[in-house]
K.L.:
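The following block contains the structure, expressed as structure tokens.
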Amino acid sequence: MKKLSFLTLCLVIFTLSQSVIAQDYQIPADMPINNGELEWLSFKDNIAEVKVDKKKVTVKSKRKSTSWGIKLVQPAMTFSKVPLKMNGDFYLSATVKPSKIDNETMFGIVINAPNEADYNVIAFDKQFCYFLRVMNLNGAFVIQGEQERVRYKYNKKKGNVWTIALERRNGGDYSVMLNGLEVRTLPKVLQLNFPAIGLFVTNKATIEGTGVAYEQWAAPIVCEE
């Protein structure tokens, strides 16, 4: 009976909290990407070059994607941790400008990154939106998720600006947004334990990040006996 009462109490707390937070999901205002709250590092190697100044973070890919039976992609990326709990309700976005948009180039945002050798990306090319896992195994890149792609509609903004966002409401699935328009969903069972925001690009292209936004709408509810 004690166990049942405890579970009932958790359910009541969860229901009440959801009814309160569901009333008002305000999208946070864009901040400069290099706003002093996030840590961005400038670096240069044989795969990528990252430049940071007061107005933007720029990532340049130095390797061209090739395909000789097996597609070879060596992505360039950078990321910073963000203070979110992604198993709660939240909003996370970056405003970016890609140097080119075609079927050979991928670009997008890093959203889950324990380190530079294992991370998740919301990526785009000219036709499709992807949710990728990228791993660097002893210098060889492995990219998972390219086959689970969805076509998207680009809601055009002035200046070829892309605001790519991930949000979650009412403990449901994750929504991928592009310039305010939902382009796909991701299942709520995803384990996004390393919240981050970052930039990703391939095929000797460049991506510039100018703005970020993030807010914890509701932290996950944990009932402990």
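Not measured: the values here are computed from a predicted model.
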K.L.:
For the aromatic rings, using the six-membered ring if either is Trp, is the centroid distance between Phe128 and Tyr152 under 6.0 Å?
P.N.:
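That pair fails the under 6.0 Å test.
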
K.L.:
Side chain of Thr202, backbone of Val73: donor and acceptor closer than 3.5 Å?
P.N.:
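Such a contact is absent between Thr202 side chain and Val73 backbone.
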
K.L.:
Report the C-alpha distance between Lys85 and Gln216 in whole Å, list the side-chain angles of each, state the deciding distance to 0.1 Å, and finish with yes or no for side chain to side chain contact (heavy atoms under 4.5 Å, CB included).
P.N.:
CA-CA 7 Å; Lys85 294 181 179 179; Gln216 190 80 59; 3.7 Å; yes

K.L.:
List in chain and number order the residues that pass salt bridge (charged side-chain N to carboxylate O under 4.0 Å, His left out) with Asp118, two or more places apart in sequence or in another chain; answer none if no residue qualifies.
P.N.:
Arg133

K.L.:
So how far is it from Lys51 NZ to Lys56 NZ, rounded to the nearest 0.5 Å?
P.N.:
9.0 Å

K.L.:
Check whether Asp173 reaches the backbone of Thr185 with its side chain - one donor and one acceptor, N or O, closer than 3.5 Å.
P.N.:
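Answer holds: no.
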
K.L.:
Verify, without hydrogens or angle tests, whether Lys62 (side chain) and Asp45 (backbone) share a donor-acceptor contact under 3.5 angstrom.
P.N.:
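Such a contact is found between Lys62 side chain and Asp45 backbone.
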
K.L.:
Whether the side chain of Asn179 engages the backbone of Thr163 through a donor-acceptor N/O pair (distance < 3.5 Å, no angle test) should be reported.
P.N.:
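Flag set: sc Asn179 to bb Thr163 pair under 3.5 Å.
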
K.L.:
Using side chain to side chain contact (heavy atoms under 4.5 Å, CB included) as the criterion, point out the one residue from Val212, Ile111, Ile164 that pairs with Leu92.
P.N.:
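Looking at Val212, Ile111, Ile164, the match for Leu92 under the side chain to side chain contact (heavy atoms under 4.5 Å, CB included) is Ile111.
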
K.L.:
For a 4.5 angstrom cut-off between non-hydrogen side-chain atoms, does Phe124 reach Met106?
P.N.:
no

K.L.:
Please round to the nearest 0.5 Å and tell me the distance separating atom NZ of Lys188 and atom CG of Leu190.
P.N.:
12.0 Å

K.L.:
Can you tell me how far CZ of Phe107 sits from OG of Ser99, rounded to the nearest 0.5 angstrom?
P.N.:
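Those atoms lie 9.0 Å apart.
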
K.L.:
Flag this pair as yes if the NZ/CZ of Arg149 is under 6.0 angstrom from the six-membered ring centre of Tyr130 and inside a 45 degree cone about the axis; otherwise no.
P.N.:
no

K.L.:
Heavy atoms, side chains only, cut-off 4.5 Å: are Ile122 and Cys129 in contact?
P.N.:
yes

K.L.:
Count the heavy atoms of every other residue, nucleotide or ligand shown that sit under 6.0 Å from NZ of Lys81, and state whether that count exceeds 12.
P.N.:
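Not buried by this count: 12 neighbours or fewer within 6.0 Å.
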
K.L.:
How far apart are the closest heavy atoms of Ser80 and Glu39, and which atoms are they?
P.N.:
OG-N, 3.0 Å

K.L.:
Under a 4.5 Å cut-off applied to non-hydrogen side-chain atoms, are Arg63 and Asn46 in contact?
P.N.:
yes

K.L.:
Using only atom types and a distance under 3.5 Å, with no angle test, would you say the side chain of Ser93 pairs donor to acceptor with the backbone of Ala165?
P.N.:
no

K.L.:
Kindly state whether the ring of Trp40 and the ring of Phe79 have centres lying under 6.0 angstrom apart.
P.N.:
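Between Phe79 and Trp40, which both carry aromatic rings, the centre distance is not below 6.0 Å.
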
K.L.:
Before giving the answer on side chain to side chain contact (heavy atoms under 4.5 Å, CB included), spell out for Leu199 and Val96 the whole-Å C-alpha distance, their side-chain angles and the decisive distance to 0.1 Å.
P.N.:
CA-CA 8 Å; Leu199 308 178; Val96 303; 3.6 Å; yes

K.L.:
Are any of the side-chain heavy atoms of Ile197 and Val110 separated by less than 4.5 Å?
P.N.:
no

K.L.:
For Val176, is there any backbone N or O sitting under 3.5 Å from a side-chain donor or acceptor partner on Glu182?
P.N.:
no

K.L.:
Any side-chain heavy atom of Val57 within less than 4.5 Å of one from Val50?
P.N.:
yes

K.L.:
Once rounded to the nearest 0.5 Å, what's the spacing between atom CD1 of Ile47 and atom CD of Glu116?
P.N.:
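Reported value, rounded in 0.5 Å steps: 10.5 Å.
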
K.L.:
Please check if the number of heavy atoms outside Lys157 that lie under 6.0 Å from its NZ is greater than 12.
P.N.:
yes

K.L.:
Spell out, yes or no, whether Phe200 and Val161 are grouped together once hydrophobic residues are joined by side-chain heavy atoms under 4.5 Å, including indirect joins.
P.N.:
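Result: no, two separate clusters.
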
K.L.:
Could you verify whether a donor N or O on one side chain and an acceptor N or O on the other, from Asn103 and Gln127, lie under 3.5 Å apart?
P.N.:
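Yes - a donor-acceptor pair under 3.5 Å links their side chains.
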
K.L.:
Between Asn120 and Asn112, is there a side-chain donor-acceptor contact under 3.5 Å, judged purely by atom types and distance?
P.N.:
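Their side chains do contain a donor-acceptor pair, which is all the 3.5 Å distance test asks for.
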
K.L.:
Quick one: pull up CG in Asn34 and NZ in Lys55 and give me the separation to the nearest 0.5 Å.
P.N.:
13.0 Å

K.L.:
Are Met77 and Val201 connected, step by step, through hydrophobic side chains (Ile, Leu, Val, Met, Phe, Trp, Tyr) whose heavy atoms are closer than 4.5 Å?
P.N.:
no

K.L.:
Please say yes or no: joined through hydrophobic side-chain contacts below 4.5 Å, possibly via intermediate residues, are Phe194 and Leu192 part of one cluster?
P.N.:
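Hydrophobic grouping puts Phe194 apart from Leu192.
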
K.L.:
What are the two closest non-hydrogen atoms of Arg169 and Asp89, and how far apart are they?
P.N.:
C-OD2, 3.6 Å

K.L.:
What's the shortest heavy-atom distance between Leu132 and Gly145, and which atoms?
P.N.:
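Of all heavy-atom pairs spanning Leu132 and Gly145, the closest is CD2-C, 3.7 Å.
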
K.L.:
Taking the side chain as every heavy atom from C-beta outward, state whether Thr105 and Ser65 have any atom pair closer than 4.5 Å.
P.N.:
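Counting from C-beta outward, Thr105 and Ser65 never come under 4.5 Å.
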
K.L.:
Using the rule side chain to side chain contact (heavy atoms under 4.5 Å, CB included), only one of Leu178, Ile109, Ile207 pairs with Trp162; which is it?
P.N.:
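Output: one option passes, namely Leu178.
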
K.L.:
Between Glu167 and Ser175, do the side chains contain a donor N or O and an acceptor N or O under 3.5 Å apart?
P.N.:
no

K.L.:
Between the side chains of Tyr214 and Glu37, does any donor sit under 3.5 Å from an acceptor?
P.N.:
yes

K.L.:
Under 3.5 Å, is there a donor-acceptor pair linking the side chains of Thr95 and Asp30?
P.N.:
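A donor-acceptor contact under 3.5 Å links the two side chains.
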
K.L.:
Aromatic contact between Tyr25 and Trp217, with the criterion being ring centroids under 6.0 Å apart: yes or no?
P.N.:
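Ring-ring flag for Tyr25/Trp217: true, centres closer than 6.0 Å.
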
K.L.:
Can you confirm whether Tyr174 sits close enough to Phe90 that some side-chain heavy atom of one is under 4.5 Å from a side-chain heavy atom of the other?
P.N.:
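Yes, their side chains come closer than 4.5 Å.
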
K.L.:
Answer yes or no: is there a donor N or O on one side and an acceptor on the other, between the side chain of Asn203 and the main chain of Gln74, under 3.5 Å?
P.N.:
no

K.L.:
Indicate the atoms forming the closest heavy-atom contact of Asp102 with Lys100, along with that distance.
P.N.:
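Smallest heavy-atom distance, with atoms named: OD2-CD, 3.7 Å.
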
K.L.:
Applying a strict under-4.5 Å side-chain criterion to I, L, V, M, F, W and Y, I'd like to know whether Leu38 and Met31 cluster together.
P.N.:
yes

K.L.:
Let me check something: do Leu84 and Leu166 share a hydrophobic cluster, defined by ILVMFWY side-chain heavy atoms less than 4.5 Å apart, either directly or through other members?
P.N.:
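Shared cluster, yes.
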
K.L.:
Is the closest side-chain heavy-atom distance between Pro75 and Tyr119 below 4.5 Å?
P.N.:
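Yes, close enough: below the 4.5 Å cut-off.
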
K.L.:
How long is the straight-line distance from CG of Asn160 back to CD of Glu208, given to the nearest 0.5 Å?
P.N.:
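That separation rounds to 10.5 Å.
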
